Amino acid sequence: MKAGNSIQFGRAIRERRKELGYTQRDIASFTGLSISFISDLERGKKTAELEKALFIAGMLGLDVMVESRGD
């Protein structure tokens, strides 16, 4: 899935979490981050911290890639 904005990124995180059968509480427990942060991330809140978001994506087995569009 290509995520071009925070809402799409959050959707990808939520979908993968559900695929793996985890709750937001599980992710909070695994990472030490708050449930409210995970909820904000999944809803695409624009103020979510990038490093924490990338950490959660990696923990869920998602690779985040930055590529040149070749413009």
Side-chain angles (χ1 to χ4, degrees):
M1 163 187 264
K2 183 176 181 178
N5 59 46
S6 61
I7 292 172
Q8 293 169 342
F9 184 81
R11 187 177 302 132
I13 295 291
R14 181 177 52 248
E15 288 174 6
R16 180 63 176 164
R17 175 182 59 76
K18 288 184 175 189
E19 281 175 16
L20 295 172
Y22 295 131
T23 64
Q24 289 180 344
R25 184 174 303 280
D26 293 332
I27 301 302
S29 176
F30 298 156
T31 62
L33 300 171
S34 69
I35 294 171
S36 62
F37 174 81
I38 296 173
S39 175
D40 288 347
L41 177 64
E42 291 185 356
R43 287 184 290 114
K45 186 173 180 181
K46 294 180 180 185
T47 59
E49 294 176 51
L50 181 59
E51 188 162 348
K52 290 178 183 177
L54 294 173
F55 176 73
I56 290 173
M59 190 208 70
L60 292 171
L62 296 172
D63 291 327
V64 177
M65 298 171 47
V66 177
E67 298 177 337
S68 173
R69 291 188 302 265
D71 296 354

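Atoms considered below: every heavy atom in the structure, side chains included; atoms not considered: hydrogens, waters and symmetry mates. Since the model is a prediction, treat every value here as computed from it, not as a measurement.
For the side-chain contact (heavy atoms from CB on, under 4.5 Å) test, residues two or more places apart in sequence or in another chain that qualify with Asn5 are Ile7, Gln8. Partners of Ser29 according to the side chain to side chain donor-acceptor pair (under 3.5 Å) rule, which considers only residues two or more places apart in sequence or in another chain, do not exist here. With sequence neighbours left out, the salt bridge (Lys or Arg N to Asp or Glu O under 4.0 Å) criterion links Arg11 to no other residue. Applying the side-chain contact (heavy atoms from CB on, under 4.5 Å) criterion to Ala28, with sequence neighbours excluded, gives Ile35, Ile38.
Listed by first and then second residue, the side chain to side chain donor-acceptor pair (under 3.5 Å) pairs that reach into residues 15-24 are Arg16-Glu19, Arg17-Glu42, Thr23-Asp26, Gln24-Glu42, sequence neighbours excluded. Screening residues 1-21 for ring pair (Phe, Tyr, Trp, His ring centres under 6.0 Å) gives no qualifying pairs among residues at least two apart or on separate chains. Evaluation of the salt bridge (charged side-chain N to carboxylate O under 4.0 Å, His left out) test over residues 50-62, restricted to residues two or more places apart or in two chains, returns Glu49-Lys52. Legend: ring pair (Phe, Tyr, Trp, His ring centres under 6.0 Å) pairs involving residues 50-69, not counting sequence neighbours: none detected.
Rounded to the nearest 0.5 Å, atoms OG (Ser6) and CG (Leu50) are 11.5 Å apart. Separation of atoms CG (Leu33) and CD1 (Ile56) is listed at 5.0 Å; rounding is to 0.5 Å.
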